[in-house]
Novice: 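Submitted below is the structure of interest, expressed as structure tokens.
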Protein chains: 2
Amino acid sequence: MKLQEARQQFISNWGAFGTHWGINRTMAQIHALLMISPDPLTQDDIMAQLDISRGNTNMNIRELINWGLVDRVILHGERKEYFTAEKDIWKVVRQIVKERKKRELEPMLQLLDKLEDVEGDKRDKQVKAFTDVVSGIKKLGKQADKTLDVMIRAEESWFVGSLMKLFR
Amino acid sequence: MKLQEARQQFISNWGAFGTHWGINRTMAQIHALLMISPDPLTQDDIMAQLDISRGNTNMNIRELINWGLVDRVILHGERKEYFTAEKDIWKVVRQIVKERKKRELEPMLQLLDKLEDVEGDKRDKQVKAFTDVVSGIKKLGKQADKTLDVMIRAEESWFVGSLMKLFR
DNA sequence: TTATATTTTCAGTAATTTTTGAAAATTCAA
DNA sequence: TTGAATTTTCAAAAATTACTGAAAATATAA
């Protein structure tokens, strides 16, 4: 397969993949494009390569910067801003995990704390079913929270090595 | 907090949570409702409690059944079908992991295999950047694939126990 | 069988999300 | 400063996704 075709396929599939994970298609495509681009790109490069509007490009780049997946780069003597993405996939995954933990897991755990001490007789089937499910989720969520904390701090070699031992 | 309010909050938040993970709101809400319901419910119960149409209810129940998260139940001497959801959150998570692995991770790995052997000189910066990223993702993906396989087969106690040791 | 209860389908509609593009704001070289 | 280059904003339009409700299909009791 030729490079150009392979790049297109990668970008398009990474975009489709994103939509299954609550990330919008364009944002995932910009991320894909920047990951496979050896040099930083300008907003106009991205617009041209993905054939999308200036506004769309700008908003999604900004969102990628918020997620910590893309950085602004100032190039010596250039007026325009350039953008670049982390290319080490392990670092990318860690960054995504870190953000999603903060944005989703932590608020969910807070909610569960509130919901767990619902009024009513634990003998009531309805009350029991509810609190059992809520505490189960809370327990698993707390475990996940701790595990992810360690993972976020870990080096790739350490993590993969440990997992290898654990999971053969 | 009163049970009814807590249930409402749980259902509504579980729905919002789902949308961040590529699952539609209603499907996640039906799942939430069934998880906290001690007894199986009919389609009409679900329609009434979530205030949604028959068609919507039916389609999303079927989808939940496809995901292996909800089961049809025939109740002795009853004409109507009843539905129930797995309440052990560890089993729920394992089932979701299993499905997503099959639906997303495996096809992605197949694609990466194809994309990895792109034509062209490895000295070419463009080619190198592309293949480096693709092989990096493939490597991590394969590791994840193996790890998840073991997780799917594991008992909760084994998994949590091992993680505890590993991650303090 | 037949009648009735129940489930499923799906075209049309509604709601939500994404994208555009032009105007406003900002930046920076001269 | 000024003004051209560049970035940002955001109302409106387009695209996508989800939902409704009634008709069709299916299942079951009599």
Side-chain angles (χ1 to χ4, degrees), chain A residues 11-34 40-67 70-84 103-104, chain B residues 11-34 40-67 69-85 103-104:
Chain A
I11 290 168
S12 134
N13 280 278
W14 199 254
F17 198 67
T19 61
H20 288 146
W21 291 88
I23 287 134
N24 99 13
R25 185 182 259 75
T26 302
M27 185 170 145
Q29 289 190 349
I30 294 176
H31 184 225
L33 172 62
L34 288 173
L41 302 182
T42 64
Q43 205 162 274
D44 291 271
D45 294 333
I46 295 168
M47 285 167 62
Q49 296 205 41
L50 300 180
D51 190 27
I52 55 180
S53 72
R54 185 173 302 284
N56 195 9
T57 307
N58 189 275
M59 294 220 283
N60 284 108
I61 289 175
R62 208 145 24 76
E63 193 62 10
L64 283 163
I65 293 173
N66 286 342
W67 274 82
V70 164
D71 288 320
R72 256 176 247 274
V73 175
I74 305 303
L75 247 60
H76 171 72
E78 286 269 10
R79 176 85 173 263
K80 281 184 182 168
E81 293 179 332
Y82 283 76
F83 301 95
T84 184
R103 295 172 188 215
E104 293 155 30
Chain B
I11 290 168
S12 133
N13 280 279
W14 198 254
F17 198 67
T19 62
H20 288 146
W21 292 87
I23 287 135
N24 98 16
R25 186 183 259 74
T26 302
M27 186 170 145
Q29 290 190 349
I30 294 176
H31 184 225
L33 172 61
L34 288 173
L41 301 182
T42 65
Q43 206 164 272
D44 292 272
D45 294 333
I46 296 168
M47 286 166 63
Q49 295 206 40
L50 300 181
D51 192 25
I52 56 181
S53 72
R54 185 172 301 286
N56 194 10
T57 308
N58 190 274
M59 295 218 284
N60 284 106
I61 289 175
R62 208 144 26 74
E63 194 60 12
L64 284 163
I65 293 173
N66 287 341
W67 274 83
L69 296 172
V70 164
D71 288 320
R72 255 177 246 277
V73 176
I74 306 301
L75 247 62
H76 173 72
E78 284 269 12
R79 176 86 172 259
K80 281 185 182 167
E81 291 178 334
Y82 284 74
F83 301 95
T84 184
R103 294 172 187 214
E104 292 153 32

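Chain naming here is simple, since letters A, B, ... match the order of the sequence lines and numbering starts at 1 in each.
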Novice: Whole angstrom is fine here: how far is it from CZ in Phe83(A) over to P in dT8(D)?
Specialist: 7 Å

Novice: By the 4.0 Å heavy-atom rule, please label Glu81(B) as base, sugar-phosphate, or nothing.
Specialist: sugar-phosphate

Novice: Does any residue of residues 16-32 of chain A have a heavy atom under 4.0 Å from DNA chain C, and if so, which ones, in number order?
Specialist: Asn24(A), Thr26(A)

Novice: Counting only pairs under 3.5 Å, give me each side-chain donor-acceptor contact of residues 49-61 of chain B, with atom names and distances, residues two or more places apart or in other chains.
Specialist:
| from | atom 1 | to | atom 2 | distance (Å) |
| --- | --- | --- | --- | --- |
| Gln49(B) | OE1 | Arg7(B) | NH2 | 3.3 |
| Ser53(B) | OG | Asn56(B) | N | 3.2 |
| Arg54(B) | NH2 | Asp44(B) | OD1 | 3.1 |
| Thr57(B) | OG1 | Ser53(B) | O | 2.6 |
| Asn58(B) | ND2 | Gln43(B) | OE1 | 2.8 |

Novice: Take the protein atom CG of Leu41(B) and the nucleotide atom P of dT7(C), then report the distance between them rounded to whole Å.
Specialist: 13 Å

Novice: Only pairs under 3.5 Å count here: list side-chain donor-acceptor contacts from residues 20-34 of chain A, not counting sequence neighbours, and write none if there are none.
Specialist:
| from | atom 1 | to | atom 2 | distance (Å) |
| --- | --- | --- | --- | --- |
| Trp21(A) | NE1 | Glu104(B) | OE1 | 2.8 |
| Asn24(A) | OD1 | Thr26(A) | N | 3.1 |
| Asn24(A) | OD1 | Met27(A) | N | 2.8 |

Novice: Over how many whole Å does the gap from Asp45(B) atom CG to dT7(C) atom P extend?
Specialist: 11 Å

Novice: Reading nucleotides 20-30 of chain C from the 5' end, what letters show protein touch, with B for base, S for backbone sugar-phosphate only, - for no heavy atom under 4.0 Å?
Specialist: BB-----BB--

Novice: Apply salt bridge (charged side-chain N to carboxylate O under 4.0 Å, His left out) to Arg103(A) and list each qualifying residue two or more places apart in sequence or on a separate chain.
Specialist: Glu99(A)

Novice: Send over the distance from Arg62(B) CZ to dT6(C) P, rounded to a whole Å.
Specialist: 19 Å

Novice: Return the value, rounded to whole Å, for the distance between atom CD of Gln43(B) and atom C1' of dA5(C).
Specialist: 13 Å

Novice: Please determine whether a side-chain nitrogen or oxygen atom of Arg72(A) lies at a distance below 4.0 Å from atom OP1 or OP2 of dT7(D).
Specialist: no

Novice: Residues two or more places apart in sequence or in another chain: which of them pass side-chain contact (heavy atoms from CB on, under 4.5 Å) with Arg72(B)?
Specialist: Ile65(B), Glu81(B), Phe83(B)

Novice: Among all residues two or more places apart in sequence or in another chain, which pass the side-chain contact (heavy atoms from CB on, under 4.5 Å) test with Thr84(B)?
Specialist: Pro40(B), Asp71(B), Val73(B), Lys87(B)

Novice: Specify the separation, in whole Å, of atom CD1 of Ile46(A) and atom P of dT6(D).
Specialist: 15 Å

Novice: So, using side-chain hydrogen bond (donor to acceptor under 3.5 Å, both in side chains) as the criterion, who are the partners of Asp45(B) when residues are at least two apart?
Specialist: Thr42(B)

Novice: Once salt bridge (charged side-chain N to carboxylate O under 4.0 Å, His left out) is applied, do any residues pair with Glu78(B), and if so which ones, sequence neighbours excluded?
Specialist: none

Novice: Find the distance Asn60(B):CG to dA18(D):C1' and express it as a whole number of Å.
Specialist: 9 Å

Novice: What integer distance in Å separates Ile74(A):CD1 from dA5(D):C1'?
Specialist: 14 Å

Novice: Under 4.0 Å: is that the gap between some side-chain N or O of Asn58(A) and OP1 or OP2 of dT7(D)?
Specialist: no

